[in-house]
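In what follows, a structure is listed as structure tokens, so that the remarks can point back to it.
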Amino acid sequence: MQHQIITDLNNRYTTKQYDKTKKISADNINLIKDAIRLSASSINSQPWKFIVLESDEAKLRFYQTFENKYQFNQHHAIEASHIILFAYNPYYTKNDYRNVVDVEVSAGHLPAEKYNDMLNGAYSFAELNTDATGFNGHWTKAQTYIALGNTLHVLARLGIASTAMEGVDSQLIGSIFKDELDGYICDVALAMGYALEEQDYNYGLPKARLAEVDVITVI
């Protein structure tokens, strides 16, 4: 009997056409928000923001960000049930990390006497990924992809269709969603909803992946 994890991953695919009449339930949206917040990140940095576009007005604003390029993804903006903008802090500081360590202590995860050890010791890894200008966006951006992968699997478990989109205009998103992003950068977005099966050419096709022997080495 095939494990449910493998069934989920075999069933998920990149949706090409959404049924705009079908919406994700509020209960499932709350579950998705909880799951995305629980995503892993290096040194538990959590250098991210997730902007969930639910209203027609918000999705229309996202639609407008495709004015200059990547129009092949534009229809998802108004046809998918929801969109998530995955945004990262390009200048993650020790003060940002201090907020995390505060929560580590208040949650009972970290003993209070270990506060400074955690703040200074763990943050040294962030410093290794920070240039002379304070920019560490390559590192913080990578954390958003951990969250994206987690979210894709959660959606597969829920039977919700999804489309990860790097084909987005981060500059226009930064302008149109300036207030929500507040200096964070969005280079990838995720459409979610339910496939319009009869018009989605990707629906129901067999999974195409390289063989295990080609990608996995056990030593």
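- Of the inter-residue distances, the one linking Tyr88 atom OH with Leu181 atom CG reads 11.0 Å to the nearest 0.5 angstrom.
- For CD of Glu212, the number of neighbouring non-hydrogen atoms (other residues, nucleotides, ligands) closer than 6.0 Å is 12 at most.
- You'll find the side chain of Val101 stays beyond 4.5 Å of the side chain of Tyr123, heavy atoms only.
- In this structure, the side chain of Tyr97 engages the main chain of Ile43 through a donor-acceptor pair within 3.5 Å.
- Here the side chain of Thr140 pairs a donor or acceptor atom with the backbone of Asn89 at under 3.5 angstrom.
- Under the 4.5 Å side-chain heavy-atom criterion for Ile, Leu, Val, Met, Phe, Trp and Tyr, Leu158 and Ile36 are members of the same hydrophobic cluster.
- Residues Phe86 and Phe50 bring their aromatic ring centres within 6.0 Å.
- A distance of 7.5 Å separates CD of Glu198 from CG of Asp19, quoted to the nearest 0.5 Å.
- By the criterion of side-chain heavy atoms lying less than 4.5 angstrom apart, applied directly or through intervening Ile, Leu, Val, Met, Phe, Trp or Tyr residues, Leu152 is grouped together with Ile24 in one hydrophobic cluster.
- Nearest heavy atom pair, residue Met192 against residue Tyr18, reads C-CE2, 3.8 Å.
- Around OH of Tyr115, the count of heavy atoms belonging to other residues, nucleotides or ligands within 6.0 Å exceeds 12.
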Practice problem: Apply side-chain contact (heavy atoms from CB on, under 4.5 Å) to Leu38 and Asn150, showing your working. | Solution: CA-CA 9 Å; Leu38 292 169; Asn150 176 40; 5.6 Å; no
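- Using a distance-only test at 3.5 Å, with no hydrogens or angles considered, no donor-acceptor pair links the side chain of Asn202 to the main chain of Lys16.
- Closest approach of Ser39 to Ala147, counting heavy atoms only: OG-CA, 3.5 Å.
- The heavy-atom pair separating Asn44 from Gln46 by the smallest distance is OD1-NE2, 3.0 Å.
- With hydrogens and angles ignored, the 3.5 Å screen pairs no side-chain donor or acceptor of Ser81 with any backbone N or O of Gly193.
- The 12-atom threshold is exceeded at NZ of Lys207, counting heavy atoms of other residues, nucleotides or ligands nearer than 6.0 Å.
- Side-chain contact check for Asn129 and Tyr92: no donor-acceptor pair (N or O, by modelled atom type) lies under 3.5 Å.
- With hydrogens and angles disregarded, no donor-acceptor distance shorter than 3.5 Å links the side chain of Gln74 to the backbone of Tyr70.
- For the atom pair CG (Leu172) and CG (Asn68), the distance works out to 5.0 Å, reported to the nearest 0.5 Å.
- The two residues Glu180 and Lys49 come nearest to each other via the heavy atoms O-NZ, 3.7 Å.
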Quiz item: Could you go step by step and tell me if Phe177 and Cys186 meet the side-chain contact (heavy atoms from CB on, under 4.5 Å) rule?
Solution: CA-CA 10 Å; Phe177 291 93; Cys186 172; over 6 Å; no
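- By the 4.5 Å heavy-atom criterion applied to side chains, Ile173 and Phe62 are counted as neighbours.
- With hydrogens and angles disregarded, no donor-acceptor distance shorter than 3.5 Å links the side chain of Asp187 to the backbone of Ser170.
- Nearest heavy-atom pair, Gln2 versus Thr7, reported as atom, atom and distance to 0.1 Å: NE2-OG1, 3.1 Å.
- Of the possible polar contacts, one joining the Gln143 side chain to the Ser42 backbone as a donor-acceptor pair under 3.5 Å is found.
- Counting only heavy atoms from C-beta outward, the side chains of Leu155 and Arg12 never approach each other to under 4.5 Å.
- Partner His82 forms a side chain to side chain contact (heavy atoms under 4.5 Å, CB included) with one of Ile32, Asn28, Ile29 and no other, that one being Ile29.
- Remark: Asp56 CG is loosely packed, at most 12 non-hydrogen atoms of other residues, nucleotides or ligands lying under 6.0 Å away.
- One finds the OH atom of Tyr13 at 8.0 Å from the OG1 atom of Thr163 (value rounded to the nearest 0.5 Å).
- Residues Lys94 and Asn120 bring a donor and an acceptor atom of their side chains to less than 3.5 Å of each other.
- Looking at Tyr145 and Glu166, their side chains come closer than 4.5 Å, going by heavy atoms from C-beta outward.
- Separation of atoms CE (Met118) and NE2 (His109) is listed at 6.0 Å; rounding is to 0.5 Å.
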Quiz item: Checking side-chain hydrogen bond (donor to acceptor under 3.5 Å, both in side chains) for the pair Ser25/Asp27: CA distance, chi angles, key distance, verdict?
Solution: CA-CA 5 Å; Ser25 71; Asp27 284 346; 5.5 Å; no
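- A donor-acceptor contact shorter than 3.5 Å is absent between the side chain of Asp200 and the backbone of Ala195.
- For Asp96 and Thr93, the side-chain atoms include at least one donor-acceptor pair closer than 3.5 Å.
- For Phe135 and Tyr91, the gap between ring centers is short of 6.0 Å.
- Residues Val154 and Leu31 meet the side-chain proximity criterion, which asks for heavy atoms closer than 4.5 Å.
- Across all their heavy atoms, Pro47 and Tyr184 have their closest contact at O-CE2, 3.9 Å.
- Follow the hydrophobic side-chain contacts under 4.5 Å out from Phe125 and you reach Val100 in the same cluster.
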Quiz item: Passes side-chain contact (heavy atoms from CB on, under 4.5 Å), Val168 versus Leu85? Steps please.
Solution: CA-CA 10 Å; Val168 294; Leu85 306 182; over 6 Å; no
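- Under the 4.5 Å side-chain contact rule for hydrophobic residues, Ile51 and Trp48 do not share a cluster.
- Hydrophobic clustering (side-chain heavy atoms under 4.5 Å, transitive across Ile, Leu, Val, Met, Phe, Trp, Tyr) groups Leu119 together with Trp139.
- Judged by distance alone, with hydrogens and angles left aside, the side-chain atoms of Ser106 form a donor-acceptor pair with the main-chain N or O of Asp102 at under 3.5 Å.
- In this structure, CG in Leu196 is found 10.5 Å from OG1 in Thr15, a value given to the nearest 0.5 Å.
- In the displayed structure, Lys20 atom NZ is contacted under 6.0 Å by at most 12 heavy atoms of other residues, nucleotides or ligands.
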